[in-house]
Amino acid sequence: PYAEQPENLIPGVANYYCTSVPGLNAHTPVIVESHQGRPTKIEGNPSYKPFGGATSTHNQASILDLYDPDRATSSSHKRSKISAYEVKDRLFALKERYAENGGAGLAILAEPSSSPSRESLKQVFKSRYPKAVWAEYCPRQLTNASIGSRALLGSNYSTEIDFSEADRILAVDADFLSEGDSAIANARAFAAKRKVYNKDEVSKMNRLYSVESNLTITGSMADHRIRLSASEMTAFLAQLALEVATLSGSDSGLGSVLSSLAKTAPADKKWVQECAVDLYKSKGHSVIVVGEHLPAVAHAIGLYLNQILSAPIRLLEITNSEHSIDTLADYLENNSVQSLIVLGGNPAFDAPADLDWSALQKKAESSWHLSYSYNETSEISDYHIAQSHYLEQWSDGRTAEGHLVPVQPLIEPLFDSFDELTLLSSLVHDSPKDPYALVRENFTRLGGTDFNQFLKLGLLDSVAYSKRELAES
C-alpha cells in the first residue's frame, strides 16, 4: 500500500501511454500497458493508420529486454565498476580536451537513427568539433538500392511503394510481407486487395509473382513462383526488362547492356514473357520489388522497369552523407583517432571481417562503448557505458512516412544507465540539456504546437518527408 497514493494510479488498474519502438530507418508507434509504474504489454497505436493498430512480434517482445537479467547494470572502466557520476566527469574531461583543438583525434561511430533530437545534437557536434569524425554503421544497413537509384536517376533515393494501388506485383528475392520497417503496412495493403466478397470482385484481386532463392512468407503467398539462386536475379531482371521494353516500344539505349546481362538468365522464357505481358497490361498499377541484398545493378534495372510501368512508387531523396565504417577504419589505421566513442551496436562482432575491427579499435588511445549489454565490443573498449532501455528514456523519431513520434519513459531507469541524447548533450553543450527539453525543442521546431496532445496521440502526422512520384523522375 502507498503512504501517499500517486495521482492517476490505482492498484490493479492499467495505465496506457503512447511511445514508439526505435528501428533502423523508422520508428513504430505503439501503446504500452503499465501496471503500478511497470510496463507489461506492448500493442500497436491505432492513431497510425498504415499499421491499423497492429505491431510486430519483435516489437511486442522488446519489453522483455527491459527485465533481461543479462542487460548491463552498471558502467565500467577496464572491467572495474564506476558510478554514473564518474562517467559524467570523464565525459566532461573528454569535452574539455577536444574543445581546444576542434575535435582533432575524436571519432564517433553511431547506429543510424531517425530521431530529430539526435540529428540536432549531431549537427551541434559537427559545429563544435569540425575536425572530428562522425561515422554510422549497422550490419543491416544495405545501400545497394540508393546506389542503383544514383546510377539511374542521378541522386540517392529510397522508395515507398503503395501496395493498395498495386494490382500486379513481382517480388524479386524480396520478402516485403515480413521484412523491413514497413512490413506490417505492406501486408495490410496487400491483403486488402485479396479480399473478395462475391464473384464479380474476383477480377479486382491483385496477383503476386515471386522469384526467390529461399521460400519466404511472400513466396508462400504468391500466385506464381519460380526458384532461382540469388546470383541469377540480375540476369532474370535483365531478361524481363528486354521483354517489357519490347512491349512498351521504348528505346533507352540500354538494349546491349541488358542483352549482355540476360545471356546467363536461367528462367523459363515463356514464364518471363507471360509475366512481362501481365505486368505491362496493368501499367500504372504494376510494381516490381527488388530484394535489398541484391546488387546495385539489379536495383537500377528494377527502377528502370518501374519507370516504364509507371509503378505506384514515391521517391524520398536521401541526404545523409555520413562517413561509413570503412572511412573510420582508414582513420584508425593511420593512427588519426585518439578517442573513439561507439554508440550502440557491436562492430567487433558484426563489422566486415576484412576490417579486423578488434585490432583497429585498439589503435585508439581510449575507446568508449555505449551498449545495452556487455558484448564483444565492450570487451575491447576501455570504458563500457550501460545503456538505457527505450522505455526508460525521452527521445523521438520518424515513421517511414516521416511523421514525428515520441519516445517517452514509462519507468525510471532501473540501473545507473545512459541514453544517446544524454551522452551527446554532455559532449556538445557547456550545460548539458535534459533529453525531455531536447524533444520539446525539436517538436516545436518541426511545427508542433500542443506537446501534451502529441504525447496523448503518439503521433504528429502534420510532419512528413518530402516525396515525389517516380514518374516525375
Side-chain angles (χ1 to χ4, degrees), residues 22 24-25 88 90-138 141 143 146 155-156 158 316-345 347 360-361 364-370 383 385 387 393-398 402 404 418-435 437-446 465-466:
L24 176 59
N25 299 308
K88 292 177 182 178
R90 298 182 192 198
L91 285 173
F92 179 79
L94 199 67
K95 177 175 66 177
E96 291 294 301
R97 173 184 175 183
Y98 289 103
E100 298 175 357
N101 64 2
L106 176 63
I108 288 182
L109 177 63
E111 292 183 297
S113 172
S114 66
S115 167
S117 292
R118 200 193 82 167
E119 179 64 25
S120 67
L121 287 173
K122 180 173 71 175
Q123 296 308 320
V124 177
F125 173 86
K126 290 181 176 181
S127 175
R128 179 158 186 161
Y129 307 108
K131 297 179 182 179
V133 178
W134 180 290
E136 294 184 1
Y137 168 72
C138 175
Q141 188 181 23
T143 59
S146 61
S155 296
N156 292 342
S158 64
L316 166 64
E317 187 167 2
I318 302 172
T319 57
N320 188 342
S321 57
E322 302 304 335
H323 291 301
S324 66
I325 192 172
D326 300 295
T327 304
L328 179 56
D330 291 336
Y331 279 99
L332 287 164
E333 184 65 41
N334 295 328
N335 297 310
S336 301
V337 176
Q338 282 76 54
S339 298
L340 172 66
I341 301 174
V342 182
L343 299 178
L360 284 174
Q361 183 168 318
E365 290 179 9
S366 65
S367 54
W368 307 62
H369 185 216
L370 175 71
Y383 292 90
I385 305 175
Q387 186 175 18
Q393 61 180 274
W394 280 103
S395 186
D396 52 16
R398 307 286 285 268
L404 184 66
F418 291 77
D419 57 79
E420 275 193 348
L421 299 187
T422 299
L423 192 150
L424 287 173
S425 182
S426 299
L427 283 175
V428 302
H429 293 301
D430 293 328
S431 298
K433 290 186 178 181
D434 181 76
L438 287 168
V439 171
R440 290 208 65 157
E441 183 180 296
N442 283 281
F443 170 77
T444 304
R445 180 178 60 83
L446 290 171
Y465 293 132
S466 177

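Predicted model, so just to flag it, every value in this text is computed and none were measured.
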Worksheet item: Quick one: does L106's side chain get under 4.5 Å of I341's, heavy atoms only?
Response: yes
Practice prompt. Would you mind reporting whether L94 and W368 have side-chain heavy atoms less than 4.5 Å apart?
Written response: yes
Worksheet, complete the sentence: The complete set of salt bridge (Lys or Arg N to Asp or Glu O under 4.0 Å) pairs with one or both residues in residues 94-114, sequence neighbours excluded, reads R97-E365
From [X] [atom1] over to [Y] [atom2], what is the distance, rounded to the nearest 0.5 angstrom?
X    : Y    : atom1 : atom2 : result
S158 : Y465 : OG    : OH    : 8.5 Å
T422 : Q387 : OG1   : CD    : 11.0 Å
L109 : H323 : CG    : NE2   : 12.0 Å
L423 : K88  : CG    : NZ    : 11.0 Å
L340 : L328 : CG    : CG    : 6.0 Å
L438 : R445 : CG    : CZ    : 11.0 Å

What closest approach, in Å, do [X] and [Y] show between heavy atoms, and which atom pair accounts for it?
X    : Y    : answer
Y129 : V428 : CE1-CG1, 4.4 Å
R398 : P116 : CD-CG, 3.9 Å
I108 : L424 : CD1-CD2, 3.9 Å
P112 : C138 : CD-CB, 3.6 Å
R118 : S113 : CZ-CB, 3.5 Å
K131 : N101 : CD-O, 3.4 Å

Fill in: Selection residues 423-432 - residue pairs positive for side-chain hydrogen bond (donor to acceptor under 3.5 Å, both in side chains), sequence neighbours left out
R128-D430
Discussion item. Is it true that, when you exclude Y331 itself, more than 12 heavy atoms of the residues, nucleotides or ligands shown sit nearer than 6.0 Å to its OH?
Written reply: no
Fill in: side-chain hydrogen bond (donor to acceptor under 3.5 Å, both in side chains) partners for D396, two or more places apart
S115, S117
Discussion item. Donor-acceptor check, side chain of D419 to backbone of L421, threshold 3.5 angstrom: yes or no?
Written reply: yes
Fill in: Basic-acidic side-chain contact under 4.0 Å: E136, K122
yes
